[in-house]
There are 2 protein chains.
Amino acid sequence: MPPDTRERLLHAAIGLFARKGYASTSVADILDAAGVNAGSLYHFFPGKQDVLLAVLETYRQGIDPMLLQPAWDGVADPIERVFALLGHYREYLRRTECTYGCPIGSIALELHEPDPPVRALLAANFDGWISAIEGCFIEAGDRLPASVDRRALAIFALTTMEGGVMLSRTDRTLDAFDAAVRMLRDYVDRLQASGSSRGTPVTLSPPGP
Amino acid sequence: MPPDTRERLLHAAIGLFARKGYASTSVADILDAAGVNAGSLYHFFPGKQDVLLAVLETYRQGIDPMLLQPAWDGVADPIERVFALLGHYREYLRRTECTYGCPIGSIALELHEPDPPVRALLAANFDGWISAIEGCFIEAGDRLPASVDRRALAIFALTTMEGGVMLSRTDRTLDAFDAAVRMLRDYVDRLQASGSSRGTPVTLSPPGP
DNA sequence: TTGCGAGTTGAACGCTCATTCAACAGATTC
DNA sequence: GAATCTGTTGAATGAGCGTTCAACTCGCAA
């Protein structure tokens with residue numbers, strides 16, 4: 001029954017890395033936020049980068065229980081689940097007044113030459129996200145044309161989210177995020193309309209302003 | 001006729017910020033790369049952040065002559081110009097073995113609480129890019145459905161590029177970038193096909209792997 | 001010849017950073 | 001009750017950071 005010192009450090013680091021980024025967060029910041037002394041941190045982690053590794057691993061394990069399940073609560077339709085998840089990120093942006101969006105994306109672009117284990121965990125996080133969305137599009141079955149690569153579409157959804165977060169964070173407005181998601185919605189609507197020989201017919205909403 | 005010290009500092013900073021990011025580039029790095037002493041830098045710039053401002057302003061002024069014109073050389077069709085520009089970024093990724101893509105995007109996500117002038121210049125850079133692509137889609141006229149918001153489509157193209165760069169940089173492979181651009185191409189193709197009562201008919205290529 | 005301003009030099013400054021370490025505390029084991 | 005293990009303490013370390021500054025060079029104008 002070890003004390004929760006490690007947990008407190010991890011939780012403090014998660015918050016600080018999301019708010020300030022990795023490089024701009026000092027070890028002293030983490031220590032202050034966790035209410036822990038320097039030696040204790042180095043008792044649990046070999047160094048600062050290993051705290052980052054633990055944070056990224058926590059995110060990775062949290063994709064399903066902490067991200068997907070809350071976003072998909074009450075949403076059964078697989079395609080609606082994709083946009084429910086995007087809406088989840090929109091809410092995150094909105095609540096923070098567009099100051100931070102996806103912590104994985106921020107760290108991915110912040111570290112220009114990440115050590116291999118860090119890069120591997122970043123890639124694993126992206127892969128978990130993509131695979132979940134790919135599952136939605138696969139579950140959509142013949143509502144989408146058979147010729148559409150489900151995984152590529154999932155990647156496209158992730159680039160839309162990450163790019164939208166980047167632009168919206170830069171001008172502190174949800175406009176760019178909303179515009180990008182609106183276009184993705186229009187695309188998926190058109191895909192559904194084009195393959196509508198089977199499955200429930202879909203009403204095509206115009207992508208206007 | 002002032003010596004080119006300021007130019008050398010600017011050029012060195014552009015290269016280093018793109019390669020290592022802003023925070024990870026020390027003033028000493030810039031001085032070494034430019035072959036200049038500390039005092040000289042502070043003769044031309046009040047501080048490190050003002051070097052960043054000058055770099056961002058240089059990028060902004062270079063969007064047309066340094067980015068668009070080379071990418072669009074010999075490409076007349078407005079819609080092909082959009083994808084020619086995306087191909088330009090692909091080449092940039094490829095030549096650097098997927099280690100760096102868009103420097104504006106990297107800095108935008110690296111700085112979590114940028115000073116107002118820095119954020120304004122980042123936004124101005126994105127806006128210049130978006131407006132240029134918006135011009136392409138406007139020029140495409142009735143090849144695209146009238147209901148499609150040209151600016152939103154331009155934003156969508158930027159999120160595709162920035163998101164694609166992020167993912168490709170993370171797993172050091174062009175796959176994600178290619179997948180995202182392929183889906184954007186399919187979307188634009190479908191938009192053209194749907195509004196094809198006027199203009200040149202467009203052959204719809206399947207988005208398969 | 002003197003004076004001046006633009007540009008240069010590089011050592012020095014104060015600060016923050018990640019990390020270390022010897023000493024200590026308390027529970028568990030033998 | 002001695003030994004051991006896990007965890008804690010917080011001052012100290014040394015490197016690197018952005019920045020400052022007094023002294024200097026040099027071309028040019030008066």
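All heavy atoms count here, side chains included; hydrogens, waters and symmetry mates do not. Proteins get letters first, then strands, A, B, ... in listed order; numbering begins at 1 in each.
The existence of a salt bridge linking B:Arg8 and B:Asp4 is confirmed by a sub-4.0 Å separation between a basic side-chain nitrogen and an acidic carboxylate oxygen. A salt bridge does not link B:Arg169 to B:Glu97: none of the charged nitrogens lies less than 4.0 Å from a carboxylate oxygen.
Regarding B:Gln49, its CD atom lies at a distance of 18 Å from the P atom of D:dC17, rounded to whole Å. Put simply, CG on A:Leu31 is 11 Å from C1' on D:dG10, counting in whole angstrom units. Rounded to whole angstrom, the span from the CG atom of A:Asn37 across to the C1' atom of C:dT20 amounts to 14 Å. Between A:Asp29 atom CG and C:dC17 atom P there is a gap of 6 Å when expressed in whole angstrom units. Between B:Asp32 atom CG and C:dG10 atom P there is a gap of 13 Å when expressed in whole angstrom units. Summarising the geometry, the separation between CZ on B:Phe45 and C1' on C:dA6 is reported as 16 Å, rounded to the nearest angstrom. When rounded to the nearest whole Å, the span between CZ of A:Arg6 and P of D:dT6 equals 15 Å. Note: NZ (B:Lys48) to P (D:dG16) measures 15 Å, nearest angstrom.
OP1 and OP2 of C:dG7 both lie 4.0 Å or more from every side-chain N or O belonging to B:Thr5. Taking 4.0 angstrom as the limit, A:Tyr42 places none of its side-chain polar atoms (N or O) nearer than this to OP1 or OP2 of C:dT20. Phosphate contact (OP1/OP2 of C:dT16, side-chain N/O of A:Ser26, threshold under 4.0 Å): absent.
Taking the six-membered ring for Trp and the full ring otherwise, the centers of A:Phe156 and B:Phe156 sit less than 6.0 Å from each other. Separation of the A:Tyr92 and A:Tyr100 ring centroids falls under the 6.0 Å cut-off.
Comparing C:dT19, C:dA6, D:dG7 by their closest approach to the side chain of B:His43 singles out C:dA6. Listed nucleotides C:dG7, C:dT9, D:dT8 differ in distance to B:Ser40; the shortest reach to its side chain belongs to C:dT9. Proximity note for B:Phe44 (side chain, C-beta onward) versus D:dG18, C:dT19, C:dG7: the nearest is C:dG7.
Using modelled atom types, one finds a donor on one side chain and an acceptor on the other under 3.5 Å when comparing A:Ser194 with B:Arg190.
A:Ser24 comes within 4.0 angstrom of no nucleic acid atom, judged by non-hydrogen atoms across all strands.
A residue-by-residue look at A:Gly39 and A:Val27 shows that A:Val27 has its nearest nucleotide of DNA chain C further toward the 5' end.
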